[in-house]
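Inspection log for the structure reproduced underneath, given as structure tokens.
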Protein chains: 2
Amino acid sequence: MAVVSPKKVSSAGHAACCAPLAEGPLSEGESIQLALVLAALADPVRLRLLSIIATSGEVCSCNLEEPVGRSQSTISHHTRVLAEAGLIVGKKHGRWTWWRIVPEQFATVSRFLVGSKPRSTVRPR
Amino acid sequence: MAVVSPKKVSSAGHAACCAPLAEGPLSEGESIQLALVLAALADPVRLRLLSIIATSGEVCSCNLEEPVGRSQSTISHHTRVLAEAGLIVGKKHGRWTWWRIVPEQFATVSRFLVGSKPRSTVRPR
DNA sequence: TCCTGACATTGACATCTGTCGATCTGAACG
DNA sequence: CGTTCAGATCGACAGATGTCAATGTCAGGA
């Protein structure tokens, strides 16, 4: 994933945009946007964090370290990546940050992946 | 993506398995499997290749280099990654390899991402 | 006002990944 | 056979990523 640098784009927003994969070739820009969100999803620890948050509805960071067995700073790093990808949002309650899923972002990515049915056929040159 | 090594698992099969994210915490194994497929998707060049293949129905490698502007060896690398993730399959016709989408694998991943609705709420400790 | 606890940030490090040029392999065709 | 061509593999390299320990920040409670 050389081209995609999450640091540059502070948030992928809800704009992982564009039409399903089979609706026509993706532009370079569209593919970079989508890859950003998919890259945030493509880590075992982050997937487990997401499943915990999605299952619980709302969780504070303090309840995330133990189940995945990573240090506090690592968890903080991962929640940041997920938040920048627009997959979760955090709300501060006193000392704690409560995280919850942003279903719309998941739906957007999901919409891309379905409808990837073959259509016509192109002969090789 | 430190833990996921596509080289070790020759194919992710159609077993990116398990229930939707919100159906309960993912096991470590499940998360690694899913991350494998998502990592294959999380690259702009591979997304564009997929969109080209999905749009065309069936394409030979020789028609993939030019649209994405990468060398032959790089394309070969990417098609390999996609094939190992079970997202495409290649069939040899004489000298050419024809690639096509495996819709089931996309559906499997997609099924994970939807249904990620918040449910109950967990109090911080 | 000072301490404590919850997170964020930083720095360092080993590992992984995308890319290319060069080389290898194996099918088609004289 | 020997040549040609599609595509796989190899070797190298720059840049990205996951991880942790250490340190910074800032809200609440004593």
Side-chain angles (χ1 to χ4, degrees), chain A residues 1-10 28 31-32 35-49 53 59-66 68-85 88-99 123-125, chain B residues 1-10 28 31-32 35-36 38-49 53 58-66 68-85 88-99 123-125:
Chain A
M1 211 219 14
V3 189
V4 177
S5 171
K7 302 287 171 58
K8 295 280 178 57
V9 182
S10 64
E28 192 165 345
S31 66
I32 290 174
L36 251 169
V37 182
L38 286 165
L41 288 167
D43 178 273
V45 171
R46 288 197 287 268
L47 285 174
R48 296 180 75 193
L49 292 177
I53 297 173
V59 198
C60 96
S61 303
C62 56
N63 286 322
L64 294 174
E65 299 176 29
E66 187 251 315
V68 300
R70 294 298 137 97
S71 72
Q72 178 267 318
S73 63
T74 298
I75 299 298
S76 178
H77 164 68
H78 285 309
T79 51
R80 178 202 181 98
V81 171
L82 290 171
E84 283 177 342
I88 61 175
V89 287
K91 191 164 46 164
K92 287 235 171 188
H93 274 240
R95 291 205 262 226
W96 301 288
T97 304
W98 291 43
W99 297 102
R123 304 225 52 116
R125 52 167 161 73
Chain B
M1 215 222 10
V3 188
V4 177
S5 171
K7 303 287 171 55
K8 296 280 177 59
V9 183
S10 65
E28 191 165 345
S31 67
I32 290 174
L36 251 169
L38 286 165
L41 288 167
D43 179 272
V45 171
R46 287 197 287 268
L47 285 174
R48 297 180 74 193
L49 291 176
I53 298 172
E58 206 161 25
V59 198
C60 96
S61 303
C62 56
N63 285 322
L64 294 174
E65 300 176 29
E66 188 250 317
V68 300
R70 295 297 137 100
S71 71
Q72 178 266 319
S73 62
T74 298
I75 299 297
S76 178
H77 164 68
H78 285 308
T79 50
R80 177 203 180 98
V81 171
L82 290 171
E84 284 178 342
I88 61 175
V89 287
K91 190 164 49 166
K92 288 234 171 190
H93 275 239
R95 291 206 260 226
W96 301 289
T97 305
W98 290 44
W99 298 101
R123 303 225 53 117
R125 50 168 160 72

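Below, all heavy atoms of this structure are taken into account, side chains as well, without hydrogens, waters or symmetry copies. Everything numeric here is computed off the predicted structure, so don't read it as measured data. A note on names: the letters A, B, ... follow the listed sequences, proteins ahead of strands, and every chain is numbered from 1.
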May I ask you to verify if any side-chain N or O of B/Arg95 is less than 4.0 angstrom from the OP1 or OP2 atom of C/dC29? no

Could you tell me the separation between the CH2 atom of A/Trp99 and the C1' atom of C/dA8, rounded to a whole number of Å? 10 Å

Contact class for B/Ser73 vs. all strands (heavy atom < 4.0 Å): base, sugar-phosphate, or nothing? base

Between B/Ser76 and A/Gln72, which has a closest nucleotide on DNA chain D that is more 5'? B/Ser76

Can you check whether A/His77 has a side-chain N or O nearer than 4.0 Å to OP1 or OP2 of D/dC20? no

What integer distance in Å separates B/Glu28:CD from D/dG18:C1'? 14 Å

Please report the distance, rounded to the nearest Å, between CD in B/Glu65 and C1' in C/dG21. 14 Å

Return the value, rounded to whole Å, for the distance between atom CD1 of A/Ile75 and atom C1' of D/dA21. 15 Å

State whether A/Thr74 places a side-chain N or O below 4.0 Å from either non-bridging phosphate oxygen (OP1 or OP2) of D/dC20. yes

N/O (side chain, B/Arg46) to phosphate O (OP1/OP2, C/dG18) under 4.0 Å: yes

What is the distance, rounded to the nearest whole Å, between atom CZ of B/Arg70 and atom P of C/dG21? 12 Å

Does a side-chain N or O of A/His78 approach OP1 or OP2 of D/dT19 to a distance below 4.0 Å, or not? yes

Touch check for B/Ser61, heavy atoms < 4.0 angstrom, all strands: base, sugar-phosphate only, or nothing? sugar-phosphate

May I have the distance from B/Leu64 (atom CG) to D/dA8 (atom C1'), rounded to whole angstrom? 15 Å

